[in-house]
S.K.: 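This is the structure, below, for whatever I ask next.
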Amino acid sequence: MVQFSLCNPTEIRFGKGQIGSVGVLIPDNARVLILFGGGSIKKNGVYDQVVKGLAGRVVEEFGGIEANPLYETLQKAARFARDKGSQFVLGVGGGSVIDASKFLSCMLATDIDDPWDMLTGDQSEITPLPNGAVLTLPATGSESNPVSVISSTERHLKIPFANEKARPRFAILDPTTMLSLDRRQLENGAVDAFTHVLEQYMTQPVNTPIQYGYSETILRVLIEWGPILVETRSEEACENVMWAANQALNGLIGAGVPQDWSTHMIGHAITALYGIDHARTLTMIMPSLMRYKLNAKKEMLARYGRQVWGIVEPDDLRAAELAIVETEHFWARMSCPIRLSESGVKISASDLIEHLERAGHIALGEGGDIRPDDVRKILKLAA
Ligand code: NZQ
Ligand code: ZN
């Protein structure tokens, strides 16, 4: 096992009706800033529950956080928060709003108007404002992890930032908030969570049977309940997918294992340049990346095929190939594309590579051996 340290201080409040408890989770005297997106929370009753839970507090609100949140919008939010003397940031929404809330907490710790360079570097000296999350879209795990993925129109970039101290103090996961999600977002969420497990699992085997076994359980749950969720939105399906997505990226299954986030980094470049939904960029890239790295990843691919898909095939290479095909079938069942051509957009490999280079993502994969030239070949395979 690789050495690791694991501390996830986020208090999870899971279940129907938990949003009402938001008030007891935030210090009484804190001036609260509610951050939200394009308005879904005002239509589905989540905003009303939050405001009721915060009755009697000093509360300000800043809406308009975009899907794939923009740094330039967060600069406006930071000016607003400084003006109001905000002391606690409460993100209410999906991964974009919660990423934005965590990043804003870091921005507010710096006291400068344009802290991009400071936040892309070492954040160990930055102690963010406390923040909390009310999740309305299970997908990213952002509600209890340290990562924010932020885009900048000025810099033409979409990149991840991480600050352990930015993990939300609490995350409220009420599965009934999912009832207003459209089918596409439900598909995206289940599939994004699925890829998060694979990015932490599909490398070279190490001695982590607990992490691997739990990863396989999360994958099996998403395979079973993702399609049921999309078709029925049953209570059980909402609960199981919401919890699976949280567990997929809260640090536990990634502890002590090598990780390969190359599909995500290529996916961020695709979203930055072409605006395609995050989850759908991943399903278009990952099968080809796995095929490109078949030899290096064959042991874990074969294990995944046997444990998750029930493939009965003694030869590792053959089992690995079959596992990739099963993955593609699952994503197609979730109406997600598995080839770039399905996006209907002409995607330029050179432009994507240029984005990766500017983002500093030029040595991807668990071994740092996926270089720009390899990305070009992966994109060709995914065409
Ligand atoms: O903006 P509003 O009006 O809230 O509408 C949102 C948005 O249009 C809507 N929505 C959310 N909850 C809803 C709802 N509509 C109706 N009912 C509800 N209950 O859904 C749309 C998409 O929301 P968004 O937050 O963008 O989706 P998601 O949760 O998939 O987040 C995607 C972002 O997270 C980043 C992605 O790169 C992308 O920027 N990621 C963050 C990660 C992390 N922090 O660890 C990891 C992920 O890999 C990912 O990169
Ligand atoms: Zn993701």
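By convention here, the first residue in the shown sequence is residue 1. Start at 1 and go down the list; that is how both ligands and their atoms are numbered. Note that the structure is predicted; figures quoted are calculated from it, not measured.
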S.K.: Looking at atom 23 (O) of ligand 1, what's its closest protein heavy atom, distance included?
M.R.: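 Checking every protein heavy atom, the shortest distance to atom 23 (O) of ligand 1 gives L137 CD1, 3.5 Å.
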S.K.: Take the angle between the ring planes of W261 and H196 and call it parallel below 30°, perpendicular above 60°, tilted in between.
M.R.: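 Because their plane-to-plane angle lies in the 30° to 60° range, the rings of W261 and H196 count as tilted.
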S.K.: At what distance, to the nearest 0.5 angstrom, does CD of E299 lie from OG1 of T203?
M.R.: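 With rounding to 0.5 Å, CD (E299) is 10.5 Å from OG1 (T203).
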S.K.: Answer yes or no: does an N/O atom from H196 fall short of 3.5 Å to an N/O atom of ligand 1?
M.R.: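 It does: an N or O of H196 is found under 3.5 Å from an N or O of ligand 1.
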S.K.: Report the residue from Q200, K297, K293, M202 that forms a side-chain contact (heavy atoms from CB on, under 4.5 Å) with D260.
M.R.: K297
S.K.: Starting from the C-alpha separation in whole Å, work towards a yes-or-no answer on ring pair (Phe, Tyr, Trp, His ring centres under 6.0 Å) for H278 and H264.
M.R.: CA-CA 9 Å; H278 170 64; H264 266 71; 4.8 Å; yes
S.K.: Quick one: nearest non-hydrogen protein atom to atom 49 (C) of ligand 1, plus distance?
M.R.: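 Protein heavy atom with the smallest distance to atom 49 (C) of ligand 1: H278 NE2, 3.3 Å.
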S.K.: Tell me which part of N44 gets within contact of ligand 1: side chain, backbone, both or neither, using heavy atoms under 4.0 Å.
M.R.: side chain
S.K.: I'd like to check atom 7 (C) of ligand 1 in this structure: does the protein have a heavy atom lying under 4.0 Å from it?
M.R.: no
S.K.: Got a second to check how far D174's CG is from R13's CZ, nearest 0.5 Å?
M.R.: 13.0 Å
S.K.: Considering K42, K158, E199, Q185 one by one, which has a heavy atom nearer to atom 37 (O) of ligand 1 than any of the others?
M.R.: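 Nearest heavy atom to atom 37 (O) of ligand 1 lies in K158.
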S.K.: How long is the gap from CG on L198 to OG on S215, to the nearest 0.5 Å?
M.R.: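 Taking CG in L198 and OG in S215, the distance rounds to 9.0 Å.
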S.K.: Mind checking whether F194 and F330 have parallel, tilted or perpendicular rings, split at 30° and 60°?
M.R.: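 F194 vs F330 ring planes: tilted.
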S.K.: Grab the two heavy atoms, one from Q204 and one from P258, that are nearest each other, plus how far apart they are.
M.R.: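 In this case the closest contact between Q204 and P258 is O-CG, 3.8 Å.
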S.K.: With only distance considered, is A139 within less than 3.5 Å of ligand 1 through an N or O on each side?
M.R.: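 There is no such contact.
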S.K.: Is it true that G39 lies under 4.0 Å from ligand 1, counting heavy atoms only?
M.R.: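 Yes, that is the case, since the closest heavy atom of the residue is under 4.0 Å from the ligand.
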S.K.: Can you list the steps and then say if Q307 with Y212 is a side-chain hydrogen bond (donor to acceptor under 3.5 Å, both in side chains)?
M.R.: CA-CA 10 Å; Q307 300 291 335; Y212 291 156; over 6 Å; no
S.K.: Looking only at protein heavy atoms, identify the closest one to atom 1 (O) of ligand 1 and say how far it is in Å.
M.R.: G38 N, 2.7 Å
S.K.: How far is atom 28 (P) of ligand 1 from its nearest protein heavy atom, and which residue and atom is that?
M.R.: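 Looking at atom 28 (P) of ligand 1, the protein heavy atom closest to it is G95 N, 3.7 Å.
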S.K.: Out of the candidates I266, T195, V375, only one should pair with I285 under the side-chain contact (heavy atoms from CB on, under 4.5 Å) rule; please name it.
M.R.: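 Only match with I285 under side-chain contact (heavy atoms from CB on, under 4.5 Å): I266.
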S.K.: After noting the C-alpha distance and the side-chain angles of K43 and S180, does the key distance pass the side-chain hydrogen bond (donor to acceptor under 3.5 Å, both in side chains) rule?
M.R.: CA-CA 9 Å; K43 291 187 203 127; S180 56; over 6 Å; no
S.K.: D99 side chain to S96 main-chain N or O, any donor-acceptor pair under 3.5 Å?
M.R.: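 Side chain of D99 to backbone of S96, a donor-acceptor pair under 3.5 Å: no, none is there.
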S.K.: Does R306 use its side chain to pair, donor to acceptor, with the backbone of E313 at less than 3.5 Å?
M.R.: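 Yes, because the side chain of R306 sits within donor-acceptor range (under 3.5 Å) of the backbone of E313.
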S.K.: Can you name the atoms of ligand 1, numbered from 1 with element, that are less than 4.0 Å from a heavy atom of A67?
M.R.: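 Once the distances to A67 are compared, the set is 26 (O).
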S.K.: Tell me if a side-chain donor or acceptor on E60 pairs with a main-chain N or O of L33 at a distance below 3.5 Å.
M.R.: no
S.K.: Of the protein's non-hydrogen atoms, which lies at the shortest distance from atom 38 (C) of ligand 1, and what is that distance?
M.R.: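 The closest heavy atom on the protein side is N68 OD1, 3.4 Å.
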S.K.: At what distance is the nearest protein heavy atom to atom 24 (P) of ligand 1, and which residue and atom is it?
M.R.: S96 OG, 3.4 Å
S.K.: From the options I150, D174, N250, D99, select the one whose nearest heavy atom is closest to atom 41 (C) of ligand 1.
M.R.: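 Nearest heavy atom to atom 41 (C) of ligand 1 lies in D99.
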S.K.: Which is closest to atom 17 (N) of ligand 1 by heavy-atom distance: S180, S144, G141, G37?
M.R.: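 It is S180 that holds the nearest heavy atom.
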S.K.: Parallel, tilted or perpendicular: which one describes the rings of F62 and F80, with boundaries at 30° and 60°?
M.R.: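 The arrangement is tilted - the two ring planes meet at 30° to 60°.
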S.K.: Does M178 approach ligand 1 within less than 4.0 angstrom via side chain, backbone, both or neither, non-hydrogen atoms only?
M.R.: neither
S.K.: Minimum heavy-atom separation for A193 to A248, with atom names?
M.R.: O-CB, 3.7 Å
S.K.: Output yes when the distance from some N or O of ligand 1 to some N or O of N145 is under 3.5 Å, and no in every other case.
M.R.: yes
S.K.: Where the closest heavy atom to atom 40 (N) of ligand 1 is concerned, which of N188, V46, T140 has it?
M.R.: T140
S.K.: Starting from atom 11 (C) of ligand 1, find the nearest protein heavy-atom neighbour and note its residue, name and distance.
M.R.: T136 OG1, 3.6 Å
S.K.: Any N or O on G93 sitting closer than 3.5 Å to an N or O of ligand 1?
M.R.: no
S.K.: Are K102 and N163 linked by a side-chain donor-acceptor pair shorter than 3.5 Å?
M.R.: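 No - no donor-acceptor pair under 3.5 Å links their side chains.
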S.K.: Among protein atoms, how many N/O/S atoms lie less than 2.8 Å from the Zn ion (ligand 2)?
M.R.: 4
S.K.: Can you list the atoms of ligand 1 that are under 4.0 Å from a heavy atom of H264?
M.R.: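 Going through ligand 1 atom by atom, the ones under 4.0 Å from H264 are 48 (O).
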S.K.: Hey, does the side chain of N145 reach the backbone of L249 with a donor-acceptor pair shorter than 3.5 angstrom?
M.R.: yes
S.K.: Checking contacts here: is it the side chain or the backbone of T177 that comes within 4.0 Å of ligand 1, counting heavy atoms only? Could be both or neither.
M.R.: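 Looking at T177 and ligand 1, just backbone atoms fall under 4.0 Å.
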S.K.: Return the closest protein heavy atom for atom 15 (N) of ligand 1 as residue, atom name and distance.
M.R.: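 Residue, atom and distance for the closest contact: S40 CB, 3.5 Å.
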S.K.: What atoms of ligand 1 come within less than 4.0 Å of a heavy atom belonging to S142?
M.R.: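 So the answer, numbered in order with elements, is 44 (N).
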S.K.: Classify the contact between I41 and ligand 1 as side chain, backbone, both or neither, using a heavy-atom distance cut-off of under 4.0 Å.
M.R.: neither
S.K.: Once rounded to the nearest 0.5 Å, what's the spacing between atom CH2 of W116 and atom CZ of F161?
M.R.: 4.0 Å
S.K.: Please work out, at 4.0 Å between heavy atoms, whether the side chain, the backbone, both, or neither of K43 comes within that distance of ligand 1.
M.R.: neither
